[in-house]
J.: 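After the structure tokens below, expect a handful of questions from me.
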Amino acid sequence: MTSLPHSDSHVKKLLVGTVLGVVAFATAGTAAAANRDIVSIVGSSTVYPFATVVAERFGRSTNFKTPKIESTGSGGGLKLFCKGVGANTPDITNSSRRIKKSEYDDCQANGVTDVIEVLVGYDGIAIANSKEATQYDLTLRDIYLALAKDIPGPDGKLVPNPNKTWRDVNPALPATRIEVLGPPPTSGTRDAFAELAMGGGAQSVPALKTLRGLGADDVAGIKAAMAGLGMPGGIYDGFVETKGKAPSGKDLFKTVAYAIREDGAYIEAGENDNLIVQKLEANPSALGIFGFSFLEENGDKVQGSRVNGVVPDFDSIADGDYPVSRPLYFYMKGAHVGKIPGIQEYAMEFTSSRAMGEDGYLPEKGLIPLADDELREVQAIVKNLKRLEM
Amino acid sequence: MSNYDNTTLIAASLKKRYARERRFQWYGRFAVFIGFVFLIVLLADIVSKGMPAFTQHFIKVDVTLDADRLGLPENPTQQDYFGADFGGVVKASLREMFPEVSGRGDKKQLYRLISVGAEYDLRDHLMANPELVGTTQSIWLRAHSEAGSYLKGQVSRALPEADRKVKDIQMDWLDQLRRDGRTQSRFNTVFFTAGDSREPELAGIRAALQGSFFTLMVTFLLAFPVGVMAAVYLEEFAPRNRLTDLIEININNLAAVPSIVFGLLGLAVFINFFELPRSAPLVGGMVLSLMTLPTIIITSRASIQAVSPSIREAALGVGASQLQTVLHHVLPVAMPGILTGSIIGMAQALGESAPLLMIGMVAFIMDAPSGVTDPSTVLPVQIFLWADSPERGFTEKTSAAIIVLMGFLILMNALAVFLRRRFEMK
């Protein structure tokens, strides 16, 4: 084994070259951090599929660079958004709920004073069955009692859900076996359904509502509420272990209320909403959970159940009367408009009639569009950069 | 006891021992066989799913490039082209080809034969050839991914219509187009030249590949010199004491830390403290270099250790200094091993996506990065994003991207083998 001729100089060159390279990169990096010419968007995974479509069209049809969009969830997005002003913070955050007062205050405290709220549309979830069967008239409480994994028994303690038919849940309902086809846990529709329908229904149980209102610092109160519900203390400890912090009453409420039964009454039907519609047609006694757009498209085959007395249709979802629906937003940082190119232009593309209008490309991707007057209002907000006051 | 008894005893046990060895060999073969079966099933699955992504169908449409219809003034500027109604012209051309189509629903289905990207292709084509304004051209337009899947034979009419995206009426049109020789399958160049897209037929891996390249470059430039220097110092110069033992234990530990932890570290230190840009290959490369450092240090130390002490002693014996010994004699001999270790570390970094989630590289980014501070994503992240997309057409893109990623991994590992052979021969 002998060494290569001149290999020592090779080694030296390699080492010197790499060190120089590192220095060059480090300086280049700090220089470029100061400015940015790409719109940076974060936020909700529900809005993500719509925002990416707009971003792509925007990038292709203008001279601006295509915005980059991260799917961080609504809460995570608002946290990043409200961290401050500057090229290192996002310009826009998508949200599948309205900004909270606490988040707004956080924004103000960090110098993000110009927050522009843009409502982009609605997300409604239908609970439907075949047209051959009778239309259901459900309450959120009925939905919770029919589908939750554990529900409070006669003594207030949680027991595995004993309800077999809809009549067990509510005497006014037919004695049909509970059989609900719905999306799997990976689906955003499932998350929204759990939050709005299951969570909303669970709040009609006083003990669960109390638990939900308790803060993380009220450990004694939470433990007492858990004991009252017969929840094992292990749930609390498990939370501390996996999350690294004490859970609030709301966290524990979610673990109870959002858990859907796994004994066959709820059938995971895959992400394909078309498939659910088809199965409902074949099985008139079953109910299905899917996005509103599929209900509208298949209005000849299935009908949406009334929830809390409201039929899911375009108007009731747009008005917010239908309880299993939520508005979708994005928030714009006024201070960045004019500094980072393309923010306002992107928002104008998003709110243009060819995107958000009834025949636009976003409803084609499943967005429930705004009513005409609402759309005009939103377009005006974007045009005048009207800041949000809370 | 005679000799004869001993021999029969040995002969008998010998037979047993041979049998045991044969059995052992069979176990080994079986283990290799099982491994291979899994590998082949995996490869066959990915390749069979991914191959269709490398072809793309086009549909020939007679497009009337009327200036009035497009809304183009005379001597149009770039801005005019961007504002022109190419989408409307494509739709009008489709209606002319199928004049019998009426009703909003049917028209919508008709428009869905052609990709939404076709209007941009048409725009770019016209911008390059402005003399075509006012003429009627037979132009091959990119098919929509759903129409493409039917033309590729992936959708069967036997399926109930409600269960598939391509409707019967679309199938009839596509069949007619095929009979008229108006459909064509070509190599999908867009897959290699475009960035991400929400339309499967427009999506490509170029931006992700470029992002991976920049990220790995930063990783290499940081991890290689630092790793080799650390290994040389620890092996050749550092005294053996508690402190160096502690360092060694920690380096070994670091090699086993889950990669997401490095992402959290990168978020806290590089982005929040040093305020480096989010989603940038610079930060991604720095995070991945932290991850590969232990691998490089450990393999480098092992290969430096493996250099025969006689070489060191000979060098020192003829009066070379410690530094000369290391640079002139030890490092060159250890280099093949060091390079192999580094390349394997880099290959690991190429396939990593978890730590990049925390620093914002898991994002929808269409444009390819032109430097280390431009927002970008990397190949494994692109695979993850596509696998998550609702559109059916992304299934094949996902597998195709996996094929490309595996190709690069094979290339890198082959390079490691090649370098080792080459340096060892000399």
Side-chain angles (χ1 to χ4, degrees), chain A residues 1-4 7-8 10-12 14-15 17-19 21-22 25-26 28-33 36 38 40-42 48-49 51-53 55-57 59-63 65-72 80 86-88 90 186 271-272 274-275 277-278 281 298 301 359 361 364-366, chain B residues 78-79 82-83 108 116-117 120 123 160 162-165 195-199 202 217-218 220-222 224-226 228-229 271 274-280 282-283 285 308 311 324 327-329 331-333 335 360 362-367 371-377 389-390 423-424 426:
Chain A
M1 227 190 311
T2 54
S3 68
L4 293 162
S7 57
D8 54 318
H10 282 169
V11 172
K12 251 190 232 158
L14 198 65
L15 290 181
T18 46
V19 170
V22 170
F25 268 121
T30 40
R36 170 155 63 77
I38 297 177
S40 168
I41 302 171
V42 294
Y48 176 87
T52 44
V53 172
E56 182 172 351
R57 299 253 185 171
R60 285 187 199 277
S61 59
T62 64
N63 278 327
K65 288 195 173 174
T66 313
K68 69 158 176 148
I69 305 177
E70 281 178 64
S71 166
T72 60
L80 285 167
N88 259 325
T186 48
E271 298 264 11
N272 189 343
N274 273 325
L275 203 67
V277 172
Q278 225 187 319
E281 219 187 341
N298 298 287
K301 297 173 192 156
D359 289 327
Y361 56 78
E364 217 168 278
K365 290 270 175 186
Chain B
Q78 193 194 22
Q79 211 52 50
F82 274 75
K108 239 180 176 173
V116 294
Y120 305 113
R123 178 191 70 200
D163 214 14
R164 49 180 152 80
K165 285 275 179 136
D196 198 3
S197 167
R198 282 302 309 286
E199 310 298 332
L202 301 177
M217 193 166 75
V218 172
F220 183 78
L221 289 181
L222 284 173
F224 184 69
V226 174
V228 174
M229 300 258 214
I271 293 185
F274 285 110
E275 305 209 324
L276 291 173
R278 263 180 92 81
S279 319
L282 178 70
V283 180
S308 156
I311 290 181
Q324 285 171 323
L327 285 185
H328 296 189
H329 301 284
L331 263 190
V333 176
M335 220 14 130
V362 180
F364 177 78
I365 294 163
M366 248 179 75
D367 301 329
V372 290
T373 52
D374 285 349
S376 90
T377 174
S389 294
F423 277 85
E424 271 173 358
K426 291 207 175 176

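Chain letters run A, B, ... following the sequence lines, proteins first and then strands; every chain starts at 1. As a basis for the values below, the full set of heavy atoms in this structure was taken, side chains included, without hydrogen atoms, waters or symmetry mates.
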J.: Quick check for you: among A:T72, A:T66, A:V42, which has the greatest number of heavy-atom pairs under 4.5 Å with chain B?
T.: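 Ranked by heavy-atom pairs under 4.5 Å with chain B, first place is A:T66.
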J.: Flag the pair B:P375 / A:K65 as yes when at least one side-chain heavy-atom distance between them is below 4.5 Å, and no otherwise.
T.: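 No. Closest side-chain heavy atoms not under 4.5 Å.
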J.: What part of A:I41 gets closer than 4.5 Å to chain B, counting heavy atoms only: side chain, backbone, both or neither?
T.: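 Neither part.
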J.: Mind listing the closest non-hydrogen atom pair of A:T62 and B:F82 along with its distance?
T.: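 Nearest heavy atoms, A:T62 then B:F82: O-CE2, 3.3 Å.
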J.: Taking salt bridge (Lys or Arg N to Asp or Glu O under 4.0 Å) as the test, write out the residues that go with A:E70, two or more places apart.
T.: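 Residues passing salt bridge (Lys or Arg N to Asp or Glu O under 4.0 Å) with A:E70: A:K68, B:R278.
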J.: Heavy atoms, side chains only, cut-off 4.5 Å: are B:Y120 and A:S61 in contact?
T.: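 With C-beta onward as the side chain, the pair touches.
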J.: B:V116: what forms a side-chain contact (heavy atoms from CB on, under 4.5 Å) with it, not counting sequence neighbours?
T.: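 With neighbours one apart ignored, the set is A:R57, B:E199, B:L202.
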J.: Which region of A:P90, side chain (C-beta onward) or backbone (N, CA, C, O), has a non-hydrogen atom less than 4.5 Å from a non-hydrogen atom of chain B, or is it both or neither?
T.: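 It is neither, since no heavy atom gets under 4.5 Å.
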J.: Identify the heavy atoms of A:A55 and B:F364 that sit nearest to each other, and give their distance.
T.: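 Where A:A55 meets B:F364 most closely, the heavy atoms are CB-CE2, 4.3 Å.
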J.: Taking every non-hydrogen pair under 4.5 Å, which of B:S279, B:G117, B:A280 racks up the most with chain A?
T.: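 The option with the most such pairs is B:S279.
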J.: Between A:T52 and B:M366, is any pair of side-chain heavy atoms under 4.5 Å apart?
T.: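 A side-chain contact under 4.5 Å is absent here.
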J.: Shorter than 4.5 Å, heavy atoms on both sides: which option in B:D196, B:D367, B:V362, B:V226 has the most such pairs with chain A?
T.: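 Option with the top pair count is B:D367.
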